[in-house]
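This report concerns only the one structure given below.
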Amino acid sequence: MLNYKRYQRNPVVPLPDRQWPDKQIEKAPIWCSVDLRDGNQALIEPMVVEEKIEFFQMLVKLGFKEIEVGFPSASQIEYDFLRQLVDRRLIPEDVTVQVLVQCREHLIKRTFEALEGVKKAIVHIYNSTSALQRDVVFRMSKEEIKEIAVDGTKLVKEYAAHFPGKIILEYSPESFTGTEVEYALEVCNAVIDTWQPTPQDMVIINLPATVEMNTPNVYADQIEWMNCHLKNRDSILLSVHPHNDRGTGVAITELALMAGAERVEGTLFGNGERTGNVDILTLAYNMFSQGINPNLEIDHINGIIEIYERLCKMKVHERHPYAGKLVFTAFSGSHQDAINKGLQAMKERNSKIWAVPYLPIDPADIGREYEPIVRINSQSGKGGVAFIMEYYFGFKLPKGMHKEFADVIQKLSEKQGEVTPEQIMSEFKTCYIDKKEPFHFRKCRFEDVTDYDDPYNTKVFIQYTHNGVEKTFEEEGNGPIDAIQRGLQKEIGAEIKILDYTEHALGGGANAKAAAYIHMLDCKTRKATFGVGVSSNITRASIRAIFSALNRLKLG
């Protein structure tokens, strides 16, 4: 049995007048990618300089205006990477690079050396403020921890005063989620007092969920509380840096934005320490699905995946929101049917607004294809098989035929697992179109009957084979199908009845073919089945469908 008594609940913020539950996300935040720092340090095989440069250039193309490029004082490769960006002039005018550094003078000095030549940069300092780390890691008092933050701010301010470019300060009380909010406020306000920001020269106060410790609403309460109590709020850009320890990184970020956060630090696909950082792509696509411009160029997800997987040596999970190979796939029969009907309804109504069951966005809008939307296995139903037949091959099966053919495919899927569209079409041909034994239609001719006393107006002449033996018959009826039905009943000595007939064009243009569907009943056994015929001539397609149904009833 799990020893759950070893663990205790983390404290929550008393906030009875919270406002965030009534708020909605109205616009995208300022995005800051930390893939090249937080993300890179969590890789089994961190990127080398040229790989980091390629990743940086991808982030620029995606539209990120703030990119944390690393911890240049921590290692030579981090330092060299920043210098390469500067020396090769790879930082666009509208992109601000961000560097992380601990509140130590020699590290801050080294960081400013790495920044030489950068026109605008964010210097991100941090120190841990949580009760647990104060106790077991640093063994310092609250006042001593606060002094680290203040001293670090003073050092950055001194170096910034002599730096030829613009320096923006960012401060993070690391492990904010494990810090008493009153104490976090005290430390952040001390940093603000030291830096002296203005509305024209703002400071970034970043409140990280370094470890996700509670339900998403608690983080939102913490953010709202800080948002309401920070000094000089009009001179502060309130930022969040969420992780995903409880699997709710996206949720806590969205609620934090509702609670007043204006900026988000995260990574592509949620790469990062432990369970990862918050996934910026999921956040952005979530906004997109609500009609909000995410302010990122992310309409070709496959290209992002390719570069990410190659440089990070990590795979995007099949069920990853929006990016996973299976997320726009439906195996469930009822889901497949609903998707099919939704797509048909949009087409019929010429709707400009996306509204398809089970698909929150149009996969094509982010560079995905419809090809994998519906996949067939033993759990699939009639709607999915019908969708495959229409979408891939143009056959609009009559509704009554959906189950009949789906049962055929289900038997196949129970033997082998997933069935491809090509296999479905192959079974369709075998069971219907190529069903030419024992009766095989060969030729036909029609004449109009002009005797007005005769109730029939069409005479047919049919040539066919029965078990390889050539035969013919002629018969009259009130149309080609009726005449053929009458003739066949006499030929085979069985009573058959055509219950329904439908047809449609396969494709367009002068060379288009027609598909015909016949629903036929054996009046003796009460068994009914469908037959399918295809031809460039609609009448011949109908006759082939009749013979197909006849063979499926096994009346010969």
Side-chain angles (χ1 to χ4, degrees), residues 300-303 305-306 309 315-344 346-347 356-359 361-436 504-508 512-513 515-517 529-534 544-545 548 551-552:
H300 289 89
I301 188 68
N302 290 335
I305 294 169
E306 188 279 322
E309 292 188 336
K315 292 291 184 182
V316 174
H317 195 277
E318 287 87 348
R319 297 293 182 189
H320 191 286
Y322 303 102
K325 291 181 179 178
L326 298 179
V327 297
F328 295 119
T329 299
F331 287 104
S332 163
S334 61
H335 291 202
Q336 294 167 351
D337 183 57
I339 290 172
N340 189 12
K341 290 175 178 174
L343 293 171
Q344 287 290 346
M346 283 198 64
K347 185 177 180 181
V356 175
Y358 302 109
L359 294 179
I361 66 169
D362 182 347
D365 283 339
I366 62 171
R368 297 288 299 271
E369 297 179 358
Y370 280 119
E371 191 249 345
I373 279 182
V374 172
R375 291 167 64 172
I376 306 301
N377 63 13
S378 61
Q379 302 302 307
S380 303
K382 57 186 181 181
V385 175
F387 178 88
I388 292 290
M389 288 304 300
E390 180 173 356
Y391 181 77
Y392 285 90
F393 307 110
F395 285 88
K396 302 175 184 178
L397 307 188
K399 189 171 183 179
M401 188 179 175
H402 288 189
K403 185 178 186 307
E404 178 179 289
F405 184 48
D407 287 346
V408 173
I409 300 304
Q410 185 170 22
K411 289 178 182 177
L412 178 62
S413 65
E414 287 172 350
K415 292 179 181 179
Q416 70 172 49
E418 185 177 348
V419 184
T420 66
E422 291 72 23
Q423 288 176 307
I424 292 172
M425 186 62 203
S426 177
E427 287 296 307
F428 186 72
K429 287 180 178 178
T430 299
C431 293
Y432 295 98
I433 297 175
D434 296 337
K435 200 76 172 177
K436 297 177 180 178
H504 65 78
L506 280 173
K513 292 186 176 182
Y517 308 87
T529 192
F530 281 85
V532 181
V534 175
R544 287 175 177 172
S548 169
N551 288 324
R552 286 183 54 77

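Worth knowing before you read on, the calculation uses all heavy atoms, side chains too, and leaves out hydrogens, waters and symmetry mates. Index from 1, following the sequence.
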To check you understand the geometry: which heavy-atom pair defines the closest contact between Cys431 and Val408, and what is its length?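 Taking every non-hydrogen atom into account, SG-CG1, 3.8 Å.
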For Tyr322, does its backbone N or O pair with a side-chain atom of Arg368 as donor and acceptor, under 3.5 Å?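 Judged by distance alone, yes, a pair lies under 3.5 Å.
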Would you check if the side chain of His317 reaches a backbone N or O of Arg319 as a donor-acceptor pair within less than 3.5 Å?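 Yes: the side chain of His317 pairs with the backbone of Arg319.
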Which residues pass the salt bridge (charged side-chain N to carboxylate O under 4.0 Å, His left out) test with [X], sequence neighbours left out?
X      : value
Asp365 : none
Lys315 : Glu309
Lys436 : none
Glu404 : Arg552

Where do Gln344 and Asn340 land on the side chain to side chain contact (heavy atoms under 4.5 Å, CB included) test, with the steps shown first? CA-CA 6 Å; Gln344 287 290 346; Asn340 189 12; 3.9 Å; yes
With a 4.5 Å heavy-atom cut-off, do Met425 and Met389 have their side chains touching? yes
ring-ring contact (aromatic ring centres under 6.0 Å, His included) against [X], all qualifying residues, sequence neighbours excluded:
X      : value
His402 : none
Phe428 : Phe395, Phe405, Tyr432
Tyr358 : His335

For [X], what residues pass the side-chain hydrogen bond (donor to acceptor under 3.5 Å, both in side chains) criterion, not counting sequence neighbours?
X      : value
Asp407 : Lys403
Ser426 : none
Glu422 : none
His504 : Tyr517

Sorted by chain and number, sequence neighbours left out, side chain to side chain contact (heavy atoms under 4.5 Å, CB included) with Met346 holds for Ser351, Trp354, Val356
